[in-house]
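What follows is a single structure, written as structure tokens, with notes after it.
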Amino acid sequence: MEQHLIQKARNGDPKSLEMLYKHFYGYAISIALRYSNSRDEACEIVNDSFMKMFDKLDQYQEKNSFKGWFRRILVNTSIDYYRKNVKHFAVMDIDEAAFESSNPEIIDQLSQEDILQALRSLPEMLRIVFNMYEIEGYSHKEIGDELGIPPSSSRTYLARAKQYLREKIVALNHINNEGAVR
């Protein structure tokens, strides 16, 4: 069914393009939300990604996973969005991230929204490196190549992102344990 829809969309069938958009929108927004500061930014990334996907449908090879191919477009569009808007983002000095050890069971006590909130609170560069390495599976060399930074900086940003997330998760857990309204 999916391959048939893709084939019709390749031929420019407007209904198939619309159905492809609706079918993959949830998947796309879930990835874009991890890379963006807000839902509005995520929607912009998703729409740009779909436009790129529609333009490049003829480059998709059916022997490969369509979701994997589209994920790559989403991640690259997210990185492009960051590059285009980097001047608008506040940059955190890498030495400002403090380390706070935590109990590994804390994560089990948090909701999905708590975890997304913690990810969104990461400074932009830390969030992008964290997502690319931990979620998308990029190597530090690939991250460095994509972002124009040395692989050693990618490793440092990842370490700082993990430290920052530990701190946020401990704070969220503390709030949740006190019975505060989320």
Side-chain angles (χ1 to χ4, degrees), residues 1-86 88-89 107-108 110-149 151 153-155 157-158 161-162 165 169:
M1 156 87 174
E2 196 172 278
Q3 289 300 326
H4 178 70
L5 184 61
I6 292 166
Q7 190 56 45
K8 287 180 74 176
R10 276 183 169 165
N11 294 331
D13 177 49
K15 187 70 174 166
S16 296
L17 291 169
E18 179 184 349
M19 289 173 65
L20 205 56
Y21 181 89
K22 288 178 180 178
H23 182 71
F24 285 102
Y25 181 82
Y27 175 73
I29 198 75
S30 70
I31 292 172
L33 281 169
R34 291 193 316 253
Y35 284 90
S36 60
N37 286 319
S38 67
R39 189 158 189 86
D40 288 341
E41 283 181 11
C43 288
E44 190 172 333
I45 290 168
V46 165
N47 287 332
D48 288 350
S49 296
F50 271 106
M51 295 305 294
K52 289 177 184 178
M53 185 254 283
F54 292 153
D55 287 343
K56 297 179 181 193
L57 266 176
D58 59 327
Q59 296 175 17
Y60 165 66
Q61 297 174 4
E62 292 179 11
K63 65 181 180 178
N64 298 326
S65 160
F66 185 77
K67 265 187 163 179
W69 179 76
F70 186 41
R71 173 188 284 132
R72 188 79 163 177
I73 291 173
L74 285 157
V75 170
N76 288 338
T77 303
S78 298
I79 293 166
D80 290 345
Y81 184 88
Y82 167 75
R83 285 185 192 135
K84 183 175 87 175
N85 295 294
V86 72
H88 301 296
F89 298 123
I107 198 82
D108 295 334
L110 298 175
S111 70
Q112 178 182 359
E113 187 55 40
D114 289 335
I115 295 167
L116 272 176
Q117 179 185 353
L119 280 172
R120 283 188 200 126
S121 72
L122 281 171
E124 192 75 17
M125 181 62 87
L126 300 183
R127 183 173 59 246
I128 289 172
V129 170
F130 180 85
N131 281 319
M132 290 179 76
Y133 186 85
E134 292 294 340
I135 297 172
E136 306 300 338
Y138 284 72
S139 70
H140 289 295
K141 182 180 178 345
E142 291 170 321
I143 294 169
D145 291 345
E146 286 288 327
L147 299 177
I149 60 175
S153 292
S154 173
R155 284 188 286 279
Y157 284 130
L158 178 64
K162 288 179 177 181
L165 285 172
I169 288 170

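The figures here come from the full heavy-atom set of this structure, side chains too, leaving out hydrogens, waters and symmetry mates.
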(request) Working to the nearest 0.5 Å, report the span between CZ of Arg34 and CD1 of Ile135. (result) 4.0 Å
(request) Nearest 0.5 Å please: distance from the CD1 atom of Ile73 over to the CD1 atom of Ile45. (result) 14.0 Å
(message) Taking the side chain as everything from C-beta on, heavy atoms only, tell me whether Lys8 gets closer than 4.5 Å to Leu20.
(response) no
(request) Taking only Lys NZ, Arg NE, NH1 and NH2, and the carboxylate oxygens of Asp or Glu, determine whether Lys52 and Asp48 approach each other closer than 4.0 Å. (result) no
(message) For a quick test of reading the model, state the closest non-hydrogen atom pair linking Val46 to Ala32 and the distance between them.
(response) CG2-CB, 3.7 Å
(request) Show your working on side-chain contact (heavy atoms from CB on, under 4.5 Å) between Arg71 and Tyr27 and close with a plain yes or no. (result) CA-CA 9 Å; Arg71 173 188 284 132; Tyr27 175 73; 3.3 Å; yes
(request) Take Asn64 and Trp69 through the test side-chain contact (heavy atoms from CB on, under 4.5 Å) and record every step on the way to the result. (result) CA-CA 7 Å; Asn64 298 326; Trp69 179 76; 5.6 Å; no
(request) Under the side-chain hydrogen bond (donor to acceptor under 3.5 Å, both in side chains) rule, collect the residues that match up with Gln117, sequence neighbours excluded. (result) none
(message) For Ala9 versus Leu17, what's the shortest heavy-atom pair and its separation?
(response) CB-CD2, 3.7 Å
(message) Rounded at 0.5 Å granularity, tell me how far NZ in Lys141 sits from OG in Ser154.
(response) 11.5 Å
(message) side-chain contact (heavy atoms from CB on, under 4.5 Å), that's the test. Do Tyr157 and Ile149 meet it? Break it down for me.
(response) CA-CA 10 Å; Tyr157 284 130; Ile149 60 175; 3.9 Å; yes
(request) Under the side-chain contact (heavy atoms from CB on, under 4.5 Å) rule, what do Leu158 and Met132 come out as? Steps first, then yes or no, please. (result) CA-CA 10 Å; Leu158 178 64; Met132 290 179 76; over 6 Å; no
(message) To the closest 0.5 Å, what do you measure between CG (Leu165) and NZ (Lys162)?
(response) 10.0 Å
(message) For the OH atom on Tyr133, are there more than 12 heavy atoms of other groups (residues, nucleotides or ligands in this structure) within a distance under 6.0 Å?
(response) no
(request) First locate atom OG of Ser38, then atom CZ of Arg120, and finally report the distance between them rounded to the nearest 0.5 Å. (result) 8.5 Å
(message) Any side-chain to backbone donor/acceptor pair from Glu142 onto Tyr138? Under 3.5 Å, distance only.
(response) no
(request) Of all the heavy-atom pairs spanning Arg10 and Leu57, show the shortest one and how long it is. (result) NE-O, 2.9 Å
(request) Please check if the distance between the ring centroids of Phe66 and Phe24 is under 6.0 Å. (result) yes
(request) Report yes if the side chains of Met53 and Tyr60 come closer than 4.5 Å at any heavy-atom pair, otherwise no. (result) no
(message) Could you check whether Tyr21 and Asn47, counting side-chain N and O atoms only, form a donor-acceptor pair closer than 3.5 Å?
(response) yes
(message) Any donor-acceptor pair under 3.5 Å linking the side-chain atoms of Glu136 with those of Asn131?
(response) no
(request) Mind checking the CE-CZ spacing from Met51 to Phe54? Nearest 0.5 Å is all I need. (result) 7.5 Å
(message) Which residue in the set Ile29, Asn76, Leu74 passes side-chain contact (heavy atoms from CB on, under 4.5 Å) when paired with Ser49?
(response) Leu74
